[in-house]
K.L.:
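Take a look at the following structure, please.
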Amino acid sequence: MDHNLLSKIATNNGHGENSPYFDGWKAFDANPFHPQHNPDGVIQMGLAENQLSFDLIQKWIESNPSASICTPQGAFAFKETAIFQDYHGLPEFRTAVANFMNRVRGNRVKFDPDRIVMSGGATGAHETLAFCLANPGEAFLVPTPYYPAFDRDLRWRTGVELFPVVCESADNFKVTREALETAYKKAKLANVKVKGMLITNPSNPLGTFLDRDTLKDIVNFVNDKSIHLVCDEIYAGTVTNGDEFVSIAEVIEEVPKCNLDLIHLVYSLSKDMGFPGFRVGVVYSYNDNVVNIARKMSSFGLVSTQTQHLLASMLSDDKFVENFISESRIRLAHRHDMFTRGLAQVGIGSLESKAGLFFWMDLRRFLKEPTFESEMTFWRVIINEIKLNVSPGQSFHCSEPGWFRVCFANMDDETTLVALWRIKTFVRKNRNLEIKTRKQYWQNGQHLRLSSRRLDDILTPHRMSPHSPLASPMVRAQN
């Protein structure tokens, strides 16, 4: 192909498709695991999907056929829904989403439906805010490690840059005021104009969330510098104890003289509800001008009215929503513990976490050298020999090698057991990879998950999801 015939955006590498993050997906696509048809295939553990509570969704849909315009019970609304074009969105949809956002945050804050701006998933929301808040060449500060696709979402078409705020394992990757000031000064020395800061809370890939004091420090920092703050809270509903999570919407009410024009949220239903295919993203800004401009831009990535119609009905069912949020958190916590405790049996630790659809696994002891080259070498072993697609830390811009993100909610219990068995088998076959002591890697108060509990105790049928194939008496008899 003659690239001269195409635009610079079309021919550059801004999408980031050639990164290790996406290479792992390609390895899975080329050889996907299936328990019967391809038991030696690659298990997908690089995809942050929430598939643990779809039985609750299916039950609701079966009990509410009129919520869909594609059923005899709901067909009466077909014409009105099909011709609706207002880019503000259905009023009942915006109200339902705002109320759902309230409930996920324990009803400690109240979101205004009139500030809900639709977008094509969180990807579209981030790009819309980047277009609204910064010019090409200007930058957002982003604490590391961070979601690899931010390089695509915020940079590719907008020309905006991301400038790292380096966070380190010695401090549990916490975002400190010192790290923020250091990054800001480095950007100025590099003649980069900083227009804002982007945080993910809860964090992808760490699975942690920011405490109230840290959030206040961040709000004070952006106010002092007069720069924007974009807070991505798409994993808010995955916090296993919802009372512990603090939203930026709470904190701004507690910071004196906070300039609300600088504060913006990104939300979606892709993670908390498990609906990435519905492409429901939300820009929520406290800045009236941003709301108005973002709404105009939303014409390029609206949520289909059919989807709005269905979700408005579902999310308006208070009883269903309360049960779903509660049960989803229980199932995510169980799966997280099931995996991390299984790994701890062979001495593999992870950063302590209580949120997200993943955890941050520590494999530093497996590296021949403490370099990113060694990280990539071992990652290829994981992909090609252990046959697991986990994502290497360098694809998340981690400042030190040896960390890997492991997604645990996009598979059933049986596949989880296979993945655990593969890892444990590999470690036991490679005894020359001597387990180093806690003190060598965890000298600074880090939380290392190590448990002496037997996996059999963890995976007893009464603790499994009732929908797991492993809970079947027939399967237990075969084992």
K.L.:
Check the side chains of S53 and E327 for a donor-acceptor pair under 3.5 angstrom, ignoring hydrogens and angles.
P.N.:
no
K.L.:
Can a side-chain donor-acceptor contact be found between T240 and H336 if the only test is distance below 3.5 angstrom?
P.N.:
no
K.L.:
F173 and W403: aromatic ring centres closer than 6.0 Å?
P.N.:
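Yes: the rings meet the under 6.0 Å criterion.
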K.L.:
What pairs of residues pass the side-chain hydrogen bond (donor to acceptor under 3.5 Å, both in side chains) test when at least one of them lies in residues 306-318, not counting sequence neighbours?
P.N.:
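Only W60-D317, R103-D318, S304-T307 qualify under side-chain hydrogen bond (donor to acceptor under 3.5 Å, both in side chains).
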K.L.:
Are side-chain N/O atoms of N410 and Q51 paired as donor and acceptor at under 3.5 Å?
P.N.:
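N410 vs Q51: no donor-acceptor pair found between side chains.
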K.L.:
Which residues pass the side chain to side chain contact (heavy atoms under 4.5 Å, CB included) test with N384, sequence neighbours left out?
P.N.:
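Per chain and number, N384 pairs via side chain to side chain contact (heavy atoms under 4.5 Å, CB included) with R380.
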K.L.:
Are the side chains of R422 and I43 in contact, using a 4.5 Å heavy-atom criterion?
P.N.:
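Yes - at least one pair of side-chain heavy atoms lies under 4.5 Å apart.
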K.L.:
Picking from F404, W360, Y147, what satisfies ring-ring contact (aromatic ring centres under 6.0 Å, His included) with F396?
P.N.:
W360
K.L.:
Does a sphere of radius 6.0 Å around CZ in F300 hold more than 12 heavy atoms from other residues, nucleotides or ligands, not counting ones at 6.0 Å or beyond?
P.N.:
no
K.L.:
Provide the full list of salt bridge (Lys or Arg N to Asp or Glu O under 4.0 Å) pairs with a residue in residues 20-48, sequence neighbours left out, each pair given once.
P.N.:
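For residues 20-48: D23-K26.
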K.L.:
Taking 4.0 angstrom as the limit, do D211 and K174 come out as a salt bridge?
P.N.:
no
K.L.:
Give a yes-or-no answer on whether the side chains of S247 and E233 include a donor-acceptor pair shorter than 3.5 Å.
P.N.:
yes
K.L.:
Taking L210 as the fixed residue, which of I218, T200, V251, I248 is the one that meets the side chain to side chain contact (heavy atoms under 4.5 Å, CB included) rule?
P.N.:
I218
K.L.:
In chain order, what residues pass the side-chain hydrogen bond (donor to acceptor under 3.5 Å, both in side chains) check against D272, with sequence neighbours excluded?
P.N.:
Y267
K.L.:
Regarding D232 and N201, do their side chains bring together a donor and an acceptor under 3.5 Å, going by distance alone?
P.N.:
no
K.L.:
Identify, with sequence neighbours excluded, every residue that meets side chain to side chain contact (heavy atoms under 4.5 Å, CB included) alongside E373.
P.N.:
T371
K.L.:
Taking the side chain as C-beta and beyond, is there a heavy-atom pair between R405 and M45 under 4.5 Å?
P.N.:
no
K.L.:
Please tell me whether T416 and D413 have a donor and an acceptor in their side chains that are separated by less than 3.5 angstrom.
P.N.:
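No, no side-chain donor-acceptor contact under 3.5 Å.
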K.L.:
Is a donor from one side chain sitting under 3.5 angstrom from an acceptor on the other, for R115 and S285?
P.N.:
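There is no such pair between these side chains.
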K.L.:
By side-chain hydrogen bond (donor to acceptor under 3.5 Å, both in side chains), which residues pair with D151, not counting sequence neighbours?
P.N.:
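D151 satisfies side-chain hydrogen bond (donor to acceptor under 3.5 Å, both in side chains) with Y146, H397 only.
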